[in-house]
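Everything numeric here is computed off the predicted structure, so don't read it as measured data. All chains are named by letter (A, B, ...) in the order of the sequence lines, taking the proteins before the strands, and each is independently numbered beginning at 1.
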Amino acid sequence: MNLSRRATLLGLATVATLGRTRLALAAAPTQARFVVVLLRGALDGMEAVIPHGDPDLARLRPGLIPPASARHDLGGFYALHPALARFHALYAAGELLPVHAIAGPYRTRSHFEAQDLLQTGVGQIGMNSGWLNRLIGELPADGDPGGIGLAAGIGTPLILRGAEPVGAYAPVGFAQPDRGLYAAIGKLNAGDPVFGPAIARGLGARRFDAATFAAGPAPDMDEAGMRAPAGPARPAGGYGFPELAARVGTLLAAADGPRIAAFQLEGWDTHVNQMQLLPFPLAGLDRGVAALKVALGAAWAKTCVLVITEFGRTARINGTRGTDHGTGTVAFLAGGAVQGGRVLATWPGLKERQLFQNRDLAPTADLRALAKGVLAAQFGLGGAALGRIFPDSAAVAPMGGLLRA
Amino acid sequence: MIRFGLGGRPDQAPPADPRAWLLGQLDGPDPALATPEFAALPSGAAALAALREDRMRRKRLAREGGSLKEHFKPRGREMFRADAAAQLGWALRTEAPFRERLVWFWANHFTVSMRQGGTAALIGPFLREAIRPHVTGRFTDMVLAVERHPAMLLYLGNAGSVGPDSRVGARRHRGLNENLGRECMELHTVSLRAGYSQQDVIAMAKLLTGWSVDPRAEPTGFRFHPFAHEPGPQTLMGRSFPPGEAGGIAALRFLSTYHTTWTALATKLVRHFVADQPPAAAVAHVAGVLAGTQGDLRAAAAALVDLPEAWTPGTKIKTPVEYFLSVGRALGETEAKVPAALGMLRRLGQPLWAAPLPDGWSDLGGDWSGPDAVLARIDFAYTMAGRSHDRAPAAIATAALGARLRPQTLAAVSTAGSPREALALLFASPEFLRR
């Protein structure tokens, strides 16, 4: 089944490339959209999706549990953080699937190692391409020099780096040279192994600007931290994501637009005053995913958004009303393609012996199982392709039943 | 001038003996600190006092129902902008650009970002009080100045970290924040190479409990609170350290001279000044100098200059801040207009003193050369090229790049349709984008 499905994908791609028509492309199965949102800094999973039904929660983290009246209940045991109102609406519509007590295959508590491993999709440092880039390599070529992948915001994250070309979109506020000067600059850089290809690809991506945003100039992204008055700075992470998501959603919705995009959001490393600070990036995440849905329009039905973070945070509150680096956390699937409206978890419990190293939420699921399950269902990939995207993961079976049949 | 510096200026003659010129910059105290402009900037303690006053004024206004937008101009923001203007302006003008690069390198090694901890107004004092005085001194002294500075204590949340068994901890049921303890080991000193455990991180965090801030503690605003300090000795990486402020200092002295620290620092220095993939022999040489001198940063900087690999041009891609400064220097600019300059750095992808995470900005070209980032540079180049100036583009090109200027770039600059296009071509040429 899977092999023949892959063959079909390849066949259609050939049609698309030879025909170079929108119709052929539109008929290709790459109509499926896949968006990854990386939360860099480690989201506290038990603050985002609160396991209030666990009798030990209140003992471990007094002062970190939002009141029952404010949080959004998910059927008696879990509840969404008060800032996730739009997530709750998606949940009610069956389009949001929180997956709890999950972690990557690594057990480091270093942000920097873990973020690399989260994006390379392996358990050991040493891989230098991202799993989303390898996914693109498994999909049929679409004849678009910009590729079907898109990095949203300044900087291409590691998850999208690798052999396959990817485009990029970020709003900028500088004056732009005319076509002739761009061409002359491209010529000066033609022999440069880095800048030559980057300029060619960047100019290819600019057509998005012309086609999609002709109506007006792009508003600026916010100046990090500067809007915050004195006192504890508000994390800049969530700000700007809704605006960027709206624009990138429009690109993804286009019949010949990119199909795969990655965002990276910051502001999750809540060692201090978590209850006061975490609502800002959570609200940004909430509004951004909702903005994607609006911008994608009918294409939302074929969309799956995967929200992941490098690890969770300590089960206990720390000395500065925050949490330190931990292990198990929550991930989200959102989208019209998602079989949502439920929480997927084997809950490990929060008794001392149930915590990982008597400290963290114990992981009972592997992020690679989640990602493999999504890719299998969304793109019809079989075990061999999934094994190339996630090397050394043969023992990790893809989760089933994640997406609507 | 380009590899070790910040790019040529039309009013500064290229050095006759580059090596002697670089080494000469390592002598004496930091030249910026001696200027009246820097002397007038606030201390860490003064910045803490201003932040406290801002908080009180904001609360009062909120209570009285006044409009924050109209009546509230935070002093913390003014201080941040004044320091940004002073330090960017100095980097544009300086005749000791290698020394300035070292300042920015160490500031990035010990990242404090305004994204966390309300530190914006404190980063300028941090650079002036903890980084600049030690750039050619001992690494241990820099570590001690850094980990005791309010900017770092607030950024990594240590200011409120309380020993669970201390008097404050027992009374108020408050406790530990591991963040500074972890990052001062992982990022600032021994690195993950040292193979320490979670227990070591906790021990280090406990040794640092009570290290906090106080606006009355001139000059930097550091205060040790004995009642918040965890009692009892701690075992860190197999060694016992006594409680008290002295225990934390002794632990930092130990970490800052541990053998893996030399390798970690040498790897970063060689990556910054030589190549993204640092040659092993070069790393070993610099690490050896650091070990042999027990962390003499002047000797380490001189060792970098002596590396033959460091003299291969164009192997490194400038970071946005380096690119921004080199364009300004090529145009002969002498001051940074704030906040306009801050907006430009943000759009180039490297907002000033606002790294996303405590490991600072990347030193790998691949992280700065995505299509979006490169186009942002070209558009910035075109924007800056539009600034009025009276020098001939070809003369600016020669002053900025010297022998690095390629014939085809000079030809393109000389035959461009307008001075603006000529300068845009210069700034967007590969030899200008690299260093």
Side-chain angles (χ1 to χ4, degrees), chain A residues 40-41 108-113 151 154-156 161 167-170 172-177 181-182 184-185 187-189 191-192 194-195 198-199 201-206 220-221 223-226 228-233 235-237 266-267 269 271-272 318-320 322 324-325 357 359, chain B residues 51 54-55 58 68 72 74 76-77 114-120 157 160-162 164 169 174-179 182 186 192 198 317 342-343 346-347 349 351 354 356-357 359 365-367 369-376 378-380 382-383 386 408-409 412 421 424-425 428-430 433:
Chain A
R40 291 173 39 136
T108 174
R109 292 194 185 95
S110 158
H111 284 305
F112 318 107
E113 274 193 344
I154 287 208
T156 303
R161 280 188 237 154
Y169 173 74
V172 288
F174 292 128
Q176 291 185 5
L181 186 53
Y182 273 135
I185 289 170
K187 203 173 137 202
L188 265 186
N189 282 278
D192 190 286
V194 174
F195 291 109
I199 291 172
R201 217 179 293 154
L203 291 178
R206 278 274 164 97
D220 269 344
M221 296 173 81
E223 187 179 327
M226 285 309 297
E266 274 114 18
D269 195 18
H271 289 277
V272 179
N318 73 1
T320 47
D324 293 319
H325 303 181
Q357 296 180 349
R359 165 188 168 102
Chain B
L51 290 173
D54 280 346
R55 272 196 301 275
R58 198 152 51 103
L68 281 182
F72 184 63
R77 172 159 32 188
M114 68 165 80
R115 293 195 189 209
Q116 204 162 283
T119 51
S161 179
V162 167
R174 287 175 52 193
L176 212 54
N177 180 325
E178 291 174 10
N179 209 9
R182 178 185 303 279
E186 176 178 343
L192 294 175
Q198 175 63 34
I317 289 170
L342 301 177
R346 173 170 44 85
R347 287 197 292 273
L357 291 165
D359 63 342
D367 291 326
S369 55
D372 48 345
V374 174
L375 284 201
I378 292 175
D379 297 345
F380 165 75
Y382 181 66
T383 305
Q408 63 260 52
T409 300
E421 287 171 297
L425 284 161
S429 67
L433 292 161

I'd like to check B:Glu178 versus B:Gln198 (side-chain heavy atoms, cut-off strictly below 4.5 Å). Are they in contact?
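The answer is yes, as the side chains (C-beta and beyond) meet within the 4.5 Å cut-off.
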
Side chains of A:Pro177 and B:Asp379 in contact at under 4.5 Å (non-hydrogen atoms):
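In contact.
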
Could you look at A:Arg109 and say if it's the side chain, the backbone, both or neither that has a heavy atom under 4.5 Å from chain B?
both

Between A:Asp192 and chain B, which part of the residue has a heavy atom less than 4.5 Å away: side chain, backbone, both or neither?
side chain

Go through the steps to decide whether A:Thr320 and B:Asn177 satisfy the test side-chain hydrogen bond (donor to acceptor under 3.5 Å, both in side chains), and finish with yes or no.
CA-CA 6 Å; A:Thr320 47; B:Asn177 180 325; 2.7 Å; yes

Per-residue tally against chain B (heavy atom, under 4.5 Å) across A:Arg161, A:Gln357, A:Arg40 peaks at A:Arg161

Among A:Val272, A:Ile199, A:Leu181, single out the residue with the greatest number of heavy-atom pairs under 4.5 Å to chain B.
A:Leu181

With a 4.0 Å cut-off, would you call B:Asp372 and A:Arg201 a salt bridge?
no

From the list B:Leu433, B:Val374, B:Val162, B:Thr409, the residue making the most non-hydrogen contacts under 4.5 Å with chain A is B:Leu433

Quick one, A:Asp324 with A:His271, criterion side-chain hydrogen bond (donor to acceptor under 3.5 Å, both in side chains). Give me CA distance, side-chain angles, the key distance, then yes/no.
CA-CA 6 Å; A:Asp324 293 319; A:His271 289 277; 2.7 Å; yes

